[in-house]
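Written out below as structure tokens is the structure these notes cover.
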Amino acid sequence: MPFQKISLPIALLATWFISFGPRAVAQFETRSNLHVSGYTASFVVGDFNGDGALDLATVIADPARGGVAIYLGNGDGTFRAGATYTVGIFPTFGATASFRNNGVLDLVINDKLNNSVWVMLGNGDGTFQPAVAYPTTAESYTVGVGDFNGDGKTDIIALEGHNTSGEYCDCVEVLLGKGDGTFGTPIRTSLPDKLAGYAIATGDFNNDGKLDVAVVGETFPAYNAVIMLGNGAGGFTVDGDYIVSNVPDAIATGYFTASKDKLDLAVANEEGGSVSVLLGYGNGKFEQPVNYPAFECDWVLAEDFDGDGKIDLAVSDSSPLPQQISGVSIFKGNGDGTFQAGVLYPATVGFLAAGDVNGDGKIDIVGLYGLKGSIITLLNTGVVSFSPTTPLDFKDQAVGTTSAPQAVTLTNSGTVELKIKSVTASAGFGVTSSCGSIVTAGASCTISATFSPTKQGPMEGTVTIVDSASSKPQVIELQGTGSPD
């Protein structure tokens with residue numbers, strides 16, 4: 001839904017400008033732009049072939065040819081195409097777990113035009129068995145996984161609206177797992193007050209050892225976050241209703257304070273221009289939401305991105321300004337349930353997922369730009385800050401000539417010196433560096449790249465920096481087009 005830029009309060013605009021102030025310790029750079037086929041609505045992250053590198057299962061939302069496409073991770077933040085599968089009629093979301101408790105990841109996929117969810121059992125090598133349908137009462141808007149009856153076997157939870165006959169369910173349903181990759185009949189719990197659910201998140205909100213579920217959605221004209229406490233058998237009881245801002249598209253859970261027995265919530269409000277934070281009391285109840293400005297916020301993640309033991313938030317974000325600066329905003333957690341102003345890292349994305357995609361021990365972000373079929377990897381560079389964080393684009397350059405240099409500022413935002421072993425550029429590009437072998441804590445230096453095309457057409461490359469901040473090389477993406485003389 002379009003964002004109404006003209007209605008933004010001045011206070012929100014001021015906060016947005018402030019967000020470009022002091023930077024968080026965790027820094028993010030665009031590592032790769034993967035083009036995916038079809039209209040991809042979301043993806044699931046997991047090591048599907050057991051090689052230690054995270055892979056992607058993209059969900060293709062196309063009623064004519066809906067399905068799942070696998071992209072295998074190369075261990076450096078890039079991916080290569082794997083197998084593609086036909087799944088359902090109109091899938092949009094998925095989840096992963098080992099349904100057979102054998103360490104092999106399987107998939108469950110929703111279907112917005114069929115009264116079922118689809119299970120794909122993994123073969124452990126990055127391929128999957130054909131999808132099997134499990135009936136539900138209505139079309140599923142999204143799906144999740146968890147052990148909802150405490151038997152040690154993974155179950156499926158589906159958020160549902162109307163069925164294929166047009167009748168409304170407005171419910172969540174749990175399909176209990178049998179531990180062999182098959183599932184039982186759905187256990188239905190209706191949502192309260194005709195709530196039209198948009199998204200779900202699970203967790204033990206009242207510390208009774210039973211999984212609960214939080215549902216965000218709409219009870220026209222209000223938007224709500226509803227808490228439903230699990231009974232340990234696959235059913236739920238409504239135990240709280242909180243007003244959030246407009247169009248809550250996504251929800252995440254995490255321990256935002258020092259208390260590890262009080263699970264909290266963060267809600268991404270797409271048209272509300274904010275992320276709502278609801279702090280839990282540990283008994284299933286929550287404080288009233290506190291809103292943090294974020295614009296056209298489609299998704300939210302709750303992770304410790306900077307490794308300081310405090311949960312941070314990452315949201316897909318775009319500015320209220322005419323030039324529409326889009327990206328991922330990181331709200332650094334203070335550890336007391338409050339967050340610092342968001343810091344924007346440019347990248348046009350909506351759906352987000354987190355994981356260590358290059359194996360350096362830091363949590364990275366993978367985002368999706370569905371309209372252009374692009375999956376963008378934002379690597380967490382830790383204490384190394386790059387400005388700009390986006391690729392250097394040399395545009396058109398005559399073959400046989402060398403472009404003017406473009407510079408990137410590298411800053412050591414850590415507390416110890418940064419040792420640099422090498423700075424190199426791939427073929428067709430050149431690089432010079434003022435960084436030397438050591439960058440002291442808090443210091444900055446400049447890396448400059450040039451483009452020297454030897455043939456016509458688009459070219460891509462990288463500046464590769466081997467340093468002590470990461471076990472894997474840092475990279476600066478480069479791109480340009482060789483044009484006729």
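None of these values were measured; they are calculated from a predicted model.
Using a 4.5 Å heavy-atom cutoff, the side chains of C297 and D317 are not in contact. Within the 4.5 Å cutoff, no side-chain heavy atoms of L392 are placed close to those of Q479. Two residues are said to be in side-chain contact when any heavy atoms from C-beta on lie closer than 4.5 Å; D55 and N49 meet this criterion. Here the side chains of F451 and L478 are not in contact, with every heavy-atom distance at 4.5 Å or above. Counting heavy atoms from C-beta outward, L368 and V349 have side chains that stay 4.5 Å or more apart. The side-chain heavy atoms of Y223 and V216, taken from C-beta on, include no pair separated by under 4.5 Å. Side-chain contact between E173 and I157 is absent, with no heavy atoms from C-beta onward closer than 4.5 Å. Taking 4.5 Å as the limit, every side-chain heavy atom of V68 sits out of range of all side-chain heavy atoms of T84.
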Might you work through the side-chain contact (heavy atoms from CB on, under 4.5 Å) test for L278 and D264, ending with a clear yes or no?
CA-CA 6 Å; L278 294 81; D264 309 307; over 6 Å; no
Set out, in order, the CA-CA distance, both residues' side-chain angles and the distance that settles side-chain contact (heavy atoms from CB on, under 4.5 Å) for V108 and V145, then state yes or no.
CA-CA 8 Å; V108 57; V145 292; 4.0 Å; yes
Using the side-chain contact (heavy atoms from CB on, under 4.5 Å) rule, take V119 and L121 through it: C-alpha gap first, then chi angles, then the decisive distance, then the call.
CA-CA 6 Å; V119 172; L121 298 181; 3.9 Å; yes
Does the side-chain contact (heavy atoms from CB on, under 4.5 Å) test come out yes or no for V238 and V226, once each step is laid out?
CA-CA 7 Å; V238 177; V226 172; 4.0 Å; yes
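The salt bridge (charged side-chain N to carboxylate O under 4.0 Å, His left out) test applied to D308 returns K332, not counting sequence neighbours. Applying the side-chain hydrogen bond (donor to acceptor under 3.5 Å, both in side chains) test to D170 and every residue at least two apart in sequence or in another chain returns nothing. Remark: T40 engages no residue in a side-chain hydrogen bond (donor to acceptor under 3.5 Å, both in side chains) (not counting sequence neighbours). Contacts of E160 classified as side-chain hydrogen bond (donor to acceptor under 3.5 Å, both in side chains), with partners at least two apart in sequence or in another chain: none. Judged as a salt bridge (charged side-chain N to carboxylate O under 4.0 Å, His left out), and not counting sequence neighbours, the contacts of D62 are R65. Here D208 pairs with nothing under the salt bridge (charged side-chain N to carboxylate O under 4.0 Å, His left out) rule; sequence neighbours left out. Under the rule for a side-chain hydrogen bond (donor to acceptor under 3.5 Å, both in side chains), the partners of N115 that lie at least two apart in sequence or sit in another chain are T164. With sequence neighbours excluded, the residues that form a side-chain contact (heavy atoms from CB on, under 4.5 Å) with F339 are F256, V277, Y292, L313, F331.
Proximity of the aromatic rings of F351 and F43 is defined here by a centroid distance below 6.0 angstrom, and this criterion is met.
Applying the 6.0 Å contact sphere to CD of Q129 captures more than 12 heavy atoms from other residues, nucleotides or ligands. Dense packing is recorded around NZ of K260, with more than 12 heavy atoms of other residues, nucleotides or ligands lying under 6.0 Å away.
With rounding to the nearest 0.5 angstrom, the CD1 atom of I187 is 8.0 Å from the CG atom of L175. Rounded to the nearest 0.5 Å, atoms CE (M459) and OG1 (T481) are 10.0 Å apart. Between the CG atom of D76 and the CG atom of N358 there is a distance of 7.5 Å, given to the nearest 0.5 Å. Here the CG atom belonging to L56 is positioned 11.0 Å from the OG atom belonging to S42, to the nearest 0.5 angstrom. Taken to the nearest 0.5 Å, the CD atom of E460 stands 10.5 Å off from the OG1 atom of T462. With values rounded to the nearest 0.5 angstrom, L279 atom CG is found 7.0 Å from T257 atom OG1.
A distance-only check finds no donor-acceptor pair linking the side chain of N269 to the backbone of N246 [under 3.5 Å]. Between the side chain of D155 and the main chain of G177, a donor-acceptor pair closer than 3.5 Å is present. Under the 3.5 Å distance criterion, the side-chain polar atoms of D212 are matched with a main-chain donor or acceptor of F205. Using a distance-only test at 3.5 Å, with no hydrogens or angles considered, a donor-acceptor pair links the side chain of T377 to the main chain of G77. A donor-acceptor pair under 3.5 Å is formed between the side chain of S468 and the backbone N or O of K419. Of the possible donor and acceptor atoms, one in the side chain of D312 sits under 3.5 Å from a partner among the backbone N and O of G333. Judged by distance alone, the side chain of D204 and the main-chain N or O of L211 form no donor-acceptor pair under 3.5 Å. Checked by atom type and distance alone, the side chain of S98 pairs as donor or acceptor with a backbone atom of N102 at under 3.5 Å. Of the possible donor and acceptor atoms, none in the side chain of S165 sits under 3.5 Å from a partner among the backbone N and O of E167. A donor-acceptor contact shorter than 3.5 Å is absent between the side chain of N224 and the backbone of D241.
The stretch residues 46-87 participates, sequence neighbours left out, in these ring pair (Phe, Tyr, Trp, His ring centres under 6.0 Å) pairs: F48-F128. Applying the disulfide bond (SG atoms under 2.5 Å apart) rule to pairs touching residues 74-175 yields C169-C171, sequence neighbours excluded. Sorted by first and then second residue, the ring pair (Phe, Tyr, Trp, His ring centres under 6.0 Å) pairs involving residues 91-120 (not counting sequence neighbours) are F93-W299, F99-F183. Under the disulfide bond (SG atoms under 2.5 Å apart) criterion, no residue pair touches residues 85-162, with sequence neighbours excluded.
Remark: the E139 side chain and the H162 side chain contain an N/O donor-acceptor pair separated by less than 3.5 Å. If you check the side chains of T92 and N110, you find a donor sitting under 3.5 Å from an acceptor.
Among all heavy-atom pairs drawn from I365 and A314, the shortest one is CD1-CB, 3.8 Å. Contact between S140 and S116 at its shortest, heavy atoms only, is OG-O, 3.4 Å. Heavy atoms only, all atoms of each residue included: D249 and E270 are closest at OD2-OE1, 2.7 Å. Contact detail for T136 and P186: the closest heavy-atom pair is CA-CG, 4.1 Å.
Checked options D180, T154, D106; the residue passing with R100 is D106 (criterion: side-chain hydrogen bond (donor to acceptor under 3.5 Å, both in side chains)). Exactly one of V215, L265, N206, V213 qualifies for a side chain to side chain contact (heavy atoms under 4.5 Å, CB included) with I227. That residue is L265.
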